[in-house]
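What follows is a short report on a single structure.
The analysis underlying the following values was restricted to heavy atoms, covering all of them including side chains, and did not include hydrogens, waters or symmetry mates. Everything numeric in this text was worked out from a predicted model, so none of it was measured.
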Amino acid sequence: MMRHLRKKKHLFFNLIPKIPLTDELKTQWEQKTFIVSPYPLLRVDENGAAAVNNPFVATDIPFHLCVNSENTDPSAHLGCAIFGASKIRNEKIIFIENIQLKKETGSKIMEVQVKLKGSGAVLKVTSVPY
């Protein structure tokens, strides 16, 4: 079941359980922090080379990260187009400079920080898996 706090028209991030969630798995998630915080999910360099670093491939994380689709591989939409551009929900192109993930110990909420290319502001989207 897909859940997220805010339904975004163009950009959304969902956490989908890999297996049915138990109380133990929920506690494991709530105690999780990323080694680097905020964690760099996507970086696009000045030459347009994109690097997607998906921490959800780890077996100790009970979720898949889906970006702008039900595909469990974020690189299907992030940094996949010309000059490292990303595809938004309707398959149009958007230029993202970087995306970082922030998850605090004791919380089930993950914050996604998105910096668009040429924009000073950081967009913040929250994802709650249950």
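The local environment of NZ in K117 is crowded, with over 12 non-hydrogen atoms from other residues, nucleotides or ligands closer than 6.0 Å. Within 6.0 Å of NZ in K102 there are 12 or fewer heavy atoms belonging to other residues, nucleotides or ligands. Taking a 6.0 Å sphere around CD of E104, one finds it holds 12 or fewer heavy atoms contributed by other residues, nucleotides or ligands.
Looking at heavy atoms from C-beta onward, N98 lies in side-chain contact with K115 at the 4.5 angstrom threshold. A heavy-atom distance below 4.5 Å is found between the side chains of I96 and V114. Residues M110 and L65 are in side-chain contact: their nearest non-hydrogen atoms beyond the backbone lie under 4.5 Å apart. You'll find the side chain of P55 reaches within 4.5 Å of the side chain of L101, heavy atoms only.
Partners of N68 under the side chain to side chain donor-acceptor pair (under 3.5 Å) rule, at least two apart in sequence or in another chain, do not exist in this structure.
Listed here is the closest heavy atom pair of P17 and H64: O-CD2, 4.5 Å. K108 and P129 make their closest contact through O-CD, 3.3 Å (heavy atoms, listed as atom of the first residue, atom of the second, distance). Taking all atoms of both residues into account, the shortest heavy-atom contact from A50 to L42 is CB-CD1, 4.1 Å. The two atoms that bring F13 and L11 nearest to each other are CE1-CG, 3.8 Å, heavy atoms only. Between D60 and P62, the shortest heavy-atom contact is O-CD, 3.7 Å.
Using bins of under 30°, 30° to 60° and over 60° for the plane-to-plane angle, the ring pair F34/W29 lands in the perpendicular bin.
K18 forms no cation-pi arrangement with F63, by the criterion of a distance under 6.0 Å to the ring centre and an angle within 45° of the ring axis.
In the model, S69 has no side-chain atom that pairs as donor or acceptor with a side-chain atom of N71 under 3.5 Å.
We find the CD1-CG distance between I99 and L41 to be 5.5 Å, quoted to the nearest 0.5 Å.
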Can you give each donor-acceptor pair under 3.5 Å made by side-chain atoms of residues 77-85, sequence neighbours left out, with the distance rounded to 0.1 Å?
unit_1, atom_1, unit_2, atom_2, d
H77, NE2, E91, OE2, 3.1

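Sorted by first then second residue, the side chain to side chain donor-acceptor pair (under 3.5 Å) pairs that include residues 31-56, not counting sequence neighbours, are Y39-N53.
For the pair K26 (side chain) and E30 (backbone), a donor-acceptor distance under 3.5 Å is absent.
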